Amino acid sequence: MIGEADRKWLRDLLADRVVFDEPMARHTSLRIGGPADALALPATVDQLIRLVCRARQKGLPLTVLGGGTNVLVTDKGIRGITVGLGGIATPVRLAADNRGGVLVSAHAGVETRRICATALKKGLAGMNFALGIPGTLGGAIRMNAGTAAGQMAGVLTAVTVLTPGGQVKRYPRWMLEAGYRRLGLPVKEPFVILEAEIRLTPANRDELYSEARRLMRRRTASQPAWRPSAGCFFRNPAPDKPAGMLIDQAGLKGAAVGDAQVSTRHANFIFNAGQATAGQVLELADRIRETVRQRFGIILEPEVKIIGET
Ligand SMILES: Cc1cc2nc3c(=O)[nH]c(=O)nc-3n(C[C@H](O)[C@H](O)[C@H](O)COP(=O)(O)OP(=O)(O)OC[C@H]3O[C@@H](n4cnc5c(N)ncnc54)[C@H](O)[C@@H]3O)c2cc1C
């Protein structure tokens, strides 16, 4: 819990851009999560820097939240300060590079779908793989979000990061270590991705739109996008062994603990059928892990980030 003195400096710094004891169920795509002690939405990068430095001086834990579409927040909620970047408004900038490509720079709080839409409108290839991935650019980079058609690391050329010490640093792509649903940065946690630069290439707009329609049709047919979820819950243990296939073959489609349910459309989606708690989701996830382990000898690891007090 944060005390009255901390509430005061947070209010002084952010005015109405900080709320206290805020239920995180309001800020996650699963619609689950207990209260954040303080949820801060700075309006400028300068405010964000001052917030991070002050939190560090005071020894308050800092949690960064993007669109909340790949997280499970525990029922006890998040201690310390949770910071979102959605309040910092900046335009998406485009500039030609000297190799016939276009560099797109955007603030990390921008929604990924805005980058995809800008690319399509301008006839730029490279971002169609991310169509339909919810959340922010910062979250997509952190998670190296992707599909069979591509991943963020494939288009990223640089990221600008706020270090825990309050320094702003720019890292070119070669300094970043791309893995399956993770991007390693040479900086200590908790850092905040502030901005990203990606490189796209001019292409035939009609072909881009037709590819976009095909990818979106495939997504709509395979995912229960209308259900509150955090996307795929578990990482695929191997490319030829997708977690969804293993969960399906283990007979777990439709399995439930309370209102936490395994989708019958895509077995790697756990969704909230109404009033699910994080505890129910975790119990269901444990049951899935144990059944898959017994059946196939494979241990599933969560892709979703579990954050908050346990
Ligand atoms: C219906 C649905 C479909 C999905 N489909 C896909 C898919 O096809 N492919 C895929 O890869 N994912 C998919 N996801 C998962 C999720 O949308 C992506 O991982 C997304 O990019 C996460 O972005 P976010 O802003 O919501 O991040 P959050 O969920 O808010 O955060 C995810 C992690 O990133 C960190 N983070 C967020 N922003 C920053 C920042 N600025 N600086 C530092 N750290 C940060 C958080 O601390 C957290 O650890 C899907 C989710 C849903 C609900």
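In this text, all values refer to a predicted model and were calculated from it rather than measured experimentally. What's counted below: heavy atoms across the whole structure, side chains too, no hydrogens, waters or symmetry copies. As the structure lists them, so they are numbered: ligands from 1, and atoms in each ligand from 1.
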Legend entry - Heavy-atom nearest neighbour in the protein, as seen from atom 26 (O) of ligand 1, with distance rounded to 0.1 Å: Thr69 OG1, 2.6 Å
Legend entry - Under 3.5 Å donor-acceptor, His107 side chain and Ala196 backbone: no
Inset, instruction - Please indicate whether any nitrogen or oxygen in Ser229 is less than 3.5 Å from any nitrogen or oxygen in ligand 1. - result: no
Legend entry - Reported SG-to-CG distance for the pair Cys53 and Leu162, which is rounded to 0.5 angstrom: 7.0 Å
Legend entry - Nearest non-hydrogen partners of Ala212 and Leu131, listed with the distance: CB-CD1, 3.3 Å
Inset, instruction - Answer yes or no: is there a donor N or O on one side and an acceptor on the other, between the side chain of Asn204 and the main chain of Glu207, under 3.5 Å? - result: yes
Inset, instruction - State whether the side chain of Arg54 and the backbone N or O of Asp6 hold a donor-acceptor pair below 3.5 Å, judged by distance alone. - result: no
Inset, instruction - If you have a sec, work out which protein heavy atom is nearest atom 27 (O) of ligand 1 and how many Å separate them, to one decimal? - result: Gly139 CA, 3.5 Å
Legend entry - Ala108 N/O to ligand 1 N/O under 3.5 Å: no
Inset, instruction - Check ligand 1 against Thr147 and write out every atom of the ligand that is under 4.0 Å from a heavy-atom position of the residue. - result: 8 (O)
Inset, instruction - Compare all side-chain heavy atoms of His27 with those of Glu22 and state whether any distance is below 4.5 angstrom. - result: yes
Inset, instruction - Look at atom 41 (N) of ligand 1 and say which protein heavy atom is nearest, naming residue and atom and giving the distance to 0.1 Å. - result: Ile193 O, 3.1 Å
Legend entry - Shortest protein heavy-atom distance from atom 29 (O) of ligand 1, along with the residue and atom involved: Asn70 N, 2.7 Å
Inset, instruction - Please name the pair of heavy atoms, one in Leu51 and one in Ala40, separated by the smallest distance, quoted to 0.1 Å. - result: CD2-CB, 3.9 Å
Legend entry - Per-atom contacts of ligand 1 with Val71, taking only distances under 4.0 Å to non-hydrogen atoms: 29 (O), 31 (O)
Inset, instruction - Could you say whether the N/O atoms of Phe269 and ligand 1 ever approach to under 3.5 Å? - result: no
Inset, instruction - Look only at interatomic distance and state if Arg219 has a nitrogen or oxygen under 3.5 Å from any nitrogen or oxygen of ligand 1. - result: yes
Legend entry - Pair Arg293 + Glu290: basic N to acidic O under 4.0 Å: yes
Inset, instruction - Can you sort out which atoms of ligand 1 are near Phe191, meaning under 4.0 Å from one of its heavy atoms? - result: 43 (C)
Legend entry - Under 3.5 Å: donor-acceptor pair, side chain of Asp75, backbone of Thr277: no
Legend entry - Donor-acceptor contact present, side-chain Thr74 to main-chain Glu309, <3.5 Å: yes
Inset, instruction - Before signing off on this row, confirm whether Met143 and ligand 1 have an N or O atom pair separated by under 3.5 Å. - result: no
Inset, instruction - Report the nearest protein non-hydrogen atom to atom 13 (C) of ligand 1: residue, atom name, distance rounded to 0.1 Å. - result: Ile133 CG2, 3.9 Å
Inset, instruction - Go through the steps to decide whether Gln275 and Asp259 satisfy the test side chain to side chain donor-acceptor pair (under 3.5 Å), and finish with yes or no. - result: CA-CA 6 Å; Gln275 303 298 318; Asp259 270 349; 5.9 Å; no
Inset, instruction - Return a yes/no value for Gly66: is any of its N or O atoms, backbone included, closer than 3.5 angstrom to an N or O of ligand 1? - result: yes
Inset, instruction - Counting heavy atoms only, name the option from Ala140, Ser222, Ser29, Gly67 that's nearest to atom 24 (P) of ligand 1. - result: Gly67
Inset, instruction - Among all protein heavy atoms, pick the one closest to atom 4 (C) of ligand 1 and tell me residue, atom and distance. - result: Pro134 CD, 3.7 Å
Legend entry - Contact summary for Val292 and Ala250, nearest pair of heavy atoms: CG2-CB, 4.3 Å
Legend entry - Where Ala260 and Ala276 come nearest, the two heavy atoms and their spacing: N-CB, 3.7 Å
Inset, instruction - Kindly confirm or rule out an N or O of Gly68 lying under 3.5 angstrom from an N or O of ligand 1. - result: yes
Inset, instruction - Find out if a path of hydrophobic residues (ILVMFWY) with successive side-chain heavy-atom gaps under 4.5 Å connects Val161 to Trp174. - result: yes
Inset, instruction - Any atoms of ligand 1 less than 4.0 Å from a non-hydrogen atom of Arg181? List them with their elements. - result: 11 (O)
Inset, instruction - Just jot down the ligand 1 atoms closer than 4.0 angstrom to any heavy atom of Gly146, in number order. - result: 7 (C), 8 (O), 9 (N), 10 (C), 11 (O)
Legend entry - Subset of ligand 1 atoms that lie under 4.0 Å from at least one heavy atom of Gly231: 2 (C), 50 (C), 51 (C), 52 (C), 53 (C)
Inset, instruction - Check each atom of ligand 1 against the heavy atoms of Leu85 and keep those under 4.0 Å away; list them by number with element. - result: 41 (N)
Inset, instruction - Could you tell me whether some N/O pair between Glu303 and ligand 1 is separated by less than 3.5 angstrom? - result: no
Legend entry - Within-cut-off N or O pair, Gly132 and ligand 1, under 3.5 Å: no
Legend entry - Heteroatom distance test (Asn144, ligand 1): nitrogen or oxygen, under 3.5 angstrom: no
Legend entry - Identity and separation of the nearest protein heavy atom to atom 49 (O) of ligand 1: Lys305 CG, 3.6 Å
Inset, instruction - Number the atoms of ligand 1 from 1 as they appear, then name those within less than 4.0 Å of a heavy atom of Arg142, with their elements. - result: 34 (O), 35 (C), 44 (N)
Inset, instruction - Tell me whether the guanidinium CZ or amine NZ of Arg7 lies under 6.0 angstrom from the six-membered ring centre of Phe20 and within 45° of its axis. - result: yes
